[in-house]
Structures are given as structure tokens and as C-alpha cells.
> 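Encoded as C-alpha cells, here's the structure I'll be asking about.
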Amino acid sequence: MPVRIERLRLRLVRLPLVAFFETSFGRIYDRTFIIVQLDGDGVEGLGECVADVDPYYSPETNVTAWHIIRDFLAPLVLGRTFAHPRDVYPACGRVRGHNMAKAAIEMAAWDLAARADDVPLSRLLGGTRAEIASGVSIGIQDSLPQLASKIETELAAGYRRIKIKIKPGWDVSAIGMVRSQFGAIPLMADANAAYSRDDTAMLASLDAFDLMMIEQPLDYDDIRDHAALQAAIRTPICLDESIHSPQHAEEAITTGACRIINIKPGRLGGHAQSIRVHDICAERGVPVWHGGMLESGIGRAHNIHLASLPNFSLPGDIAASRRYFVPDLIEPGIAVSKSGTIDVPTGAGIGVTVDWDRLDAATVERYEVRA
Ligand code: OSB
Ligand code: MG
């Protein structure tokens, strides 16, 4: 259980996406992210920083994360022995914000601890299921027929729910098309903060489509306006961008700003903070699901272990490797069964096998520091 951190290595990695991904803040064709390797006591732990090249989803970028990890977080953790990986996040408390940078280190420490104990990460985290239910997040497309064809493919693959990205001009038309062509499938929409309180009437009109939920309709840092909106619409609001801490989760639930929460460890500062949010939601009867940040197999494996906790009762955005990267950085990649489930890996730590040649080929920059 104790985690000793003797060496920290960073890699900046770039991988092309299998298909473009478009949200209300833009279209991307590849992912650039940081892989963190921590060494101690003869074992190694891996983490993935989900910050992107631009500060559009969150204020962090991979350049800020690299700087914060190298110049501020590495000195706080190197040469130290933590009694438990949950102690890593508080040890980084002098640094304000920068949850994605902190999470990458903290999650690598959990992997390290689980490997040192020779147990799957899910056991250390408190996971209770052997498989998780998988859903997909489908970006904004060039046309409605293109969206219909993507949905057809994903339903045929077995995914348990469909999430489509929406923005002004691609909302009622897209959701209406899906309902008329695919009927009562489990469907939700993610706005990535593309609307304002002025759009209340339009958002209320979406009630007619019986969505499972609408994700983050309003501003990325706003809870109060979501509470006012939730009072005016029947569709449950799920918050993503607005929830950066357990305190935000408490506030959002107490004020009625949401009825569901999307947990992403990168946004929350790692596994320990995610477990806190998970537990608060469980106590308050609020279901959670695990979000995605277009991770490689390394980050995706972490997500699968976390999503094995009991209150992850709705299908999340953790899907098969082949939807994102071919080949992935792990071999074999993450696979989804015909019934839309993913097995929680049973090997030590994150329990997946990194293809180091592929990782080397995708690495564009490196950094290393010892205690
Ligand atoms: O809002 O959930 C989001 C991807 C990047 C940034 C934000 C989001 C997303 C997704 C994709 O919806 C989820 C995935 O398939 O990994
Ligand atoms: Mg989202």
C-alpha cells in the first residue's frame, strides 16, 4: 500500500484519431497528451494527463500541465513515501487548480501502489463489478444522414446508450432525427456549455424527446444558472465541466442544479477525489457515470477500474479502443462485448499491456527527473 516515488518521467504523445471528433468548441483530428511514469521500489505506475492542446474544454492545456508537473508537482512528490495513494492529491494542495496535471501523477501513484501489492487497481479503489456498461459519445457530423449512419454502427456494435453532441443549429434537428429514425433508444445530448439562460424555452422544448439527460447545457463554471434551468425543464441535467471537486458536487446537488453527475478523474484531480464525489452522490441518491476524454488505452484502463465502483449505475463514455486509435498504445486494445460491456482487467495495477515500441513512435518530447 505505501507508495514510494523515486523517479518521474513524462512523455508528450501525439496520436491521430480514427475519425474527427467535433463538439460545440470545435473539431479535432488527433490527440496530444502526456503519459506520466512513476518509479519506486522496483515497480512502475502509469498515468495519462487528459489536457488537450487548447483550453476550450478546461483552462488547462498539455503545455500548462507539463510546466506544472515539471516545475511544481514533481518536487512535491519525488523522494517521498506516501502511506496510501489517496495522500498524493492533498500533498499537491499548495498548487491551486491544475486538476488534470495533479490527476496524471495521482493516478500513476495508484497504479504503482496496486502493482506493488500485486492486485488489480479496481480492488484498491473499491470496485465491485467485473464488467462495466459501455456507451458512446458521437460528435457533431457534417449531415444528419452521416449522424444516422454512425448511430446505426454503434447500436449494431452493442453499445448501451447513445450520446450526441449538440450546439445551436445542431440540436432539435439532430435529436428529432434520432428519435424518428431510431425510436426509444437510450439517448442523451451533451452541449459542452453551448447555451445560456436565454435559451431556456428552447431547452425546455427538448423535454418532448424524453432524453435520459442533457449534459452541461450552460457555462463551464456555473452551478447557479443550472439550478434555475433545472427548475424550468423536465429533462434531468447532468453536470460535467462545472464539477471540479466534492464541494461542487455537494453544492450542485443541494441547489438542484443537476440530478446526475459525470465523473472524470482528470477534471476532479484523480481517483481519490473521484471516489469522494462518487460517495457523496451515492449518499444523496444521485447516479453517476464515467465520462471520457478520448484517452489512449492507458487512461481508458484507469477509467474502467474506477467505473467498477457501485454507484456508476449508468452506462458511461468508456468505449472500445478501435473507436479512437488504431493501433492503440496497449495490446490488445480495450474491447466491447456484443452486449455492450467491457471487462475490468484482472492483472496487477491497470492490468493492460503497453506496446512500448508504439509508445516510443508516438512520443514527441521527453522529460525525466529523479529524487
Ligand atoms: O464533454 O464529455 C465531454 C471528449 C473530450 C472532451 C469533452 C468530452 C468528450 C466526450 C468524448 O464526450 C468521450 C469519449 O468518447 O472519450
Ligand atoms: Mg461532457
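Just follow the structure's listing: the first ligand is 1, and inside any ligand the first atom is 1.
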> Who are the residue neighbours of ligand 1 when the rule is a heavy atom under 4.0 Å from any of its atoms?
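Residues Phe21, Tyr57, Ser137, Lys163, Lys165, Asp190, Asn192, Glu215, Asp240, Lys264, Gly292, Met293, Leu294, Asp317, Tyr324 each place a heavy atom under 4.0 Å from ligand 1, listed by chain and number.
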
> In terms of ring plane angle, is the pair Phe25 and Tyr56 parallel, tilted or perpendicular, where the classes change at 30° and 60°?
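Answer is tilted, since the angle falls between 30° and 60°.
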
> Below 30° counts as parallel, above 60° as perpendicular, anything between as tilted: where do the rings of Phe33 and Phe325 land?
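It falls in the tilted class, 30° to 60°.
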
> Is any protein N, O or S atom closer than 2.8 Å to the Mg ion (ligand 2), and if so, which?
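Protein N/O/S atoms under 2.8 Å of the Mg ion (ligand 2): Asp190 OD2, Glu215 OE2, Asp240 OD2.
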
> Is it true that Ile350 and Ile304 fall in one hydrophobic cluster, defined by side-chain heavy atoms closer than 4.5 Å?
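Result: yes, single cluster for both.
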
> Below 4.5 Å, heavy atoms only, C-beta onward: do Pro265 and Ser274 meet side chain to side chain?
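Pro265 vs Ser274: side chains touch.
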
> Any luck finding a side-chain donor-acceptor pair between His67 and Thr64 under 3.5 Å?
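There is no such pair (donor and acceptor under 3.5 Å, judged by atom type) between the side chains of His67 and Thr64.
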
> State which residues pass ring-ring contact (aromatic ring centres under 6.0 Å, His included) with His98; sequence neighbours excluded, sorted by chain then number.
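Partners of His98 under the ring-ring contact (aromatic ring centres under 6.0 Å, His included) test: none.
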
> Are Asp142 and Arg27 close enough for a salt bridge, meaning some N to O gap below 4.0 Å?
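Counted as a salt bridge, because a side-chain N and a carboxylate O are separated by less than 4.0 Å.
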
> Between the side chains of Asp221 and His244, is a donor N or O closer than 3.5 angstrom to an acceptor N or O?
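A pair is found: one side chain offers a donor N or O, the other an acceptor, under 3.5 Å apart.
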
> Please collect all side chain to side chain donor-acceptor pair (under 3.5 Å) contacts where either partner lies in residues 304-314, sequence neighbours excluded, each pair once.
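The answer is none; no pair qualifies.
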
